[in-house]
Amino acid sequence: MKVVIVGGVAGGATAAARIRRLDEKAEITVFEKSGFVSYANCGLPYYIGEVITDPSELTLQSPGSFRKRFRVDVKVRHEVTGIDRQRKCVSVKNLDSGEVFEEKYDKLILSPGARPVKPALSGVDSPLIFTLRTVEDTFRIYDFVEEKKPSRAVIVGGGYIGIETAENLRERGMEVSIVQRPAQLMNTLDYDMATFVHAKLRSRGIRVMTSSDVTGFETSGDKITVSIRDKESLCADMVILAIGVQPDSALAEKAGLELGIKKSIVVNEKMQSSDPDIYAVGDAVQIKNFVSDLDALISLAGPANKQGRIAADNICGLSSAFRGSAGSSVIKIFDMTVASTGLTEKACKAAGIKCDYVILSPSSHASYYPGARTMTLKVVFSTENFRILGAQGIGAEGVDKRIDVFATAIMAGMTAGDLKDLDLCYAPPYSSAKDPVNMAGFMIENIQRGLVKQYHIEDVERLVKTEGVFLLDTRTEGEYGKGHVEGYVNIPVDELRERLGEIDRDKPVYVMCQSGLRSYISCRILMQEGFDCYNFSGGYRFYSAVTSEAAVKDRSLPCGMDK
């Protein structure tokens, strides 16, 4: 059996190694357009920031090591330019010599990945504008920083690559601005959670400009001006375009394969394209979102590796199926960890899925053990069957652990009741006896059983202007004095039973505390005394963090001027 693989990295390289482990006699050839067949995409920004200092650490396998261990013929700097499906062969061009030749196959795997989006804007081809997708891209940016010593950079796009690159350039002492067209960074989060990211970046000196539409670039000497609609332009020494990727599916389109979202390659659960002898894996393929069951593009290394393995299994006679992806992801932002899995609240609403959510602010481990830090979790659940639909976490240590548990719960179809029953490991340095995941289960189950009703941050502005409601803050007088929502009356929870007469029984009571715990206790007291009571999700800590997000006046300096 002759297998040709177009593209290496996560999907293609994994498929090649798996095929060899399953079939020692198979003839395997990998054609990779770049100079590197298997490299760590996710590590590229950290080489620019000199966290990773040895460039060889970025390459996981070389053509020589692949040949020696797996007897796979890897040809880098070779571009596959066409597929003849009738003759079952591909046309290949050696990018170094210019030689063009054909290679036959019995089975073909396409792993072309995705390419950075490069908008059709004036001046976008400036030598001061970079994209970051390949090892070569990384070396170009690193060499430019080393040689030109730029002091100011503009990152266009606020996704994972944009934020990681911004962090690493900032750590090298550069003035960094992130410009993002949507109203928030990181579309894997809801807006309320994204505000924590904005605050962290700003606290480290990174300018965050959301709702900002770049309209063009103008290069003058060693300076570049970034024009922004209805806002003052930014001046910089370099620009990184990180506004997303799109499937690199031109080869598949030319071959007449079925295409889907953004011209991605349509595959079945076996990773077969519309041609049963052609498989496709990685960022170029359309898959199912495991939670919503809707078609999706999820450009992550984890799914790509799994898809490469599944394609290899099916080519070699094993029956394997890709179930879809929940989009689980994590990012380090200075000393902050941000992770998410499944659907956000906004994604649920866009898909027509009835949902609600809880906000909790637990400690990373037992609060009495030194070093505990507060994290914020947002857990989205179905209001029809209370199945867990998604989770977002922001904090320090322990965030990734909790989101991984939620990811497992989502893949297993667990409900809130299942979460509370999970038997998770505990010791004071690592967790609490009631783990944050268990706590989320308790909170959602309380809602399911009618033990508490809740309201959210988007309701507060309306409530403070509404007659006929009673707004109650159950924190201490000291906490209330340091900041509160206008219109809320302060009655500390420990005094509540004695001061029930101060609350109008004819009005619904909307309660708030610092984190949501004391207000929940207050609601249980009030509901059993006959009050119609609602608990604020997230508490004043959450409210303050989200509402403090305000438009920041981001002014740039004229080109050539120092601060």
Side-chain angles (χ1 to χ4, degrees), residues 1-19 22 26 28-34 37-38 41 72 74 78-86 88-92 103-115 133 245-290 294-325 327:
M1 178 175 62
K2 173 66 179 293
V3 181
V4 170
I5 301 174
V6 181
V9 199
T14 296
R18 177 67 171 172
I19 290 171
L22 296 176
I28 308 168
T29 301
V30 178
F31 294 110
E32 167 59 44
K33 184 165 57 176
S34 76
V37 64
S38 180
N41 295 70
V72 171
V74 176
H78 280 67
E79 180 179 8
V80 174
T81 58
I83 303 170
D84 188 328
R85 292 166 55 190
Q86 299 301 317
K88 298 185 74 171
C89 67
V90 295
S91 300
V92 186
E103 187 86 12
K104 288 191 170 294
Y105 66 85
D106 296 309
K107 301 293 182 182
L108 178 65
I109 300 177
L110 301 180
S111 180
R115 63 183 185 277
R133 185 67 179 175
V245 296
Q246 57 191 36
D248 195 354
S249 58
L251 188 63
E253 182 178 21
K254 184 178 176 181
L257 299 179
E258 183 183 353
L259 302 181
I261 302 171
K262 294 184 179 179
K263 294 189 175 182
S264 56
I265 305 169
V266 173
V267 293
N268 61 19
E269 71 280 358
K270 297 180 180 295
M271 305 313 298
Q272 284 176 304
S273 71
S274 53
D275 184 324
D277 290 322
I278 300 178
Y279 293 72
V281 301
D283 294 354
V285 305
Q286 174 180 288
I287 63 172
K288 289 288 185 183
N289 182 293
F290 178 84
L294 297 175
D295 293 332
L297 295 177
I298 299 179
S299 300
L300 294 169
N305 274 278
K306 296 180 184 72
Q307 293 159 18
R309 179 185 177 93
I310 289 166
D313 283 356
N314 288 295
I315 286 173
C316 294
L318 299 179
S319 181
S320 290
F322 185 67
R323 297 174 59 192
S325 172

For this session: Kindly indicate, with the supporting measurements, whether the criterion salt bridge (charged side-chain N to carboxylate O under 4.0 Å, His left out) is fulfilled by Glu269 and Lys288.
Result: CA-CA 9 Å; Glu269 71 280 358; Lys288 289 288 185 183; over 6 Å; no

Could you report the tightest heavy-atom contact between [X] and [Y], atom names first, then the distance?
| X | Y | result |
| --- | --- | --- |
| Lys270 | Asn268 | N-OD1, 2.9 Å |
| Asp275 | Arg85 | OD2-NE, 2.9 Å |
| Gly12 | Val281 | N-CG2, 4.3 Å |
| Ala15 | Ala312 | O-CB, 3.7 Å |
| Asn314 | Ser320 | ND2-O, 2.8 Å |
| Gly8 | Ser111 | O-OG, 3.6 Å |

Rounded to the nearest 0.5 Å, what separation is found between the [atom1] atom of [X] and the [atom2] atom of [Y]?
| X | Y | atom1 | atom2 | value |
| --- | --- | --- | --- | --- |
| Lys2 | Thr29 | NZ | OG1 | 4.0 Å |
| Ile5 | Thr14 | CD1 | OG1 | 9.5 Å |
| Ser273 | Ile278 | OG | CD1 | 5.0 Å |
| Lys262 | Leu297 | NZ | CG | 6.5 Å |
| Leu300 | Asn305 | CG | CG | 11.0 Å |
| Ser319 | Asp313 | OG | CG | 9.0 Å |

Find out whether [X] and [Y] are in side-chain contact, i.e. whether some heavy atom of one side chain is under 4.5 Å from a heavy atom of the other.
| X | Y | value |
| --- | --- | --- |
| Tyr105 | Ile83 | yes |
| Ile287 | Gln307 | yes |
| Ile315 | Ile109 | yes |
| Phe31 | Val4 | yes |
| Ser91 | Asp84 | no |
| Met271 | Val285 | yes |

Pairs of donor and acceptor atoms involving the side chains of residues 251-259, under 3.5 Å and at least two apart or interchain, shall be tabulated with distances.
unit_1: Glu253; atom_1: OE2; unit_2: Lys263; atom_2: NZ; d: 3.2
unit_1: Lys254; atom_1: NZ; unit_2: Thr81; atom_2: O; d: 3.1

Exercise. Okay, side chain of Gln286, backbone of Ile261: is any donor-acceptor separation there less than 3.5 Å?
Worked result: yes

Problem set entry | Any donor-acceptor N/O pair, Lys88 side chain to Asp106 backbone, under 3.5 Å | yes

For this session: For Asp248 and Arg133, run salt bridge (charged side-chain N to carboxylate O under 4.0 Å, His left out): C-alpha distance rounded to whole Å, both residues' side-chain angles, the deciding distance at 0.1 Å, then the answer.
Result: CA-CA 12 Å; Asp248 195 354; Arg133 185 67 179 175; over 6 Å; no

For this session: Output, in order, the C-alpha distance, side-chain angles, deciding distance and verdict of side chain to side chain contact (heavy atoms under 4.5 Å, CB included) for Ser274 and Val266.
Result: CA-CA 7 Å; Ser274 53; Val266 173; over 6 Å; no

For this session: With sequence neighbours excluded, tell me which residues meet side-chain hydrogen bond (donor to acceptor under 3.5 Å, both in side chains) with Gln246.
Result: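 Counting only residues at least two positions away or on another chain, Gln246 forms no side-chain hydrogen bond (donor to acceptor under 3.5 Å, both in side chains).
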
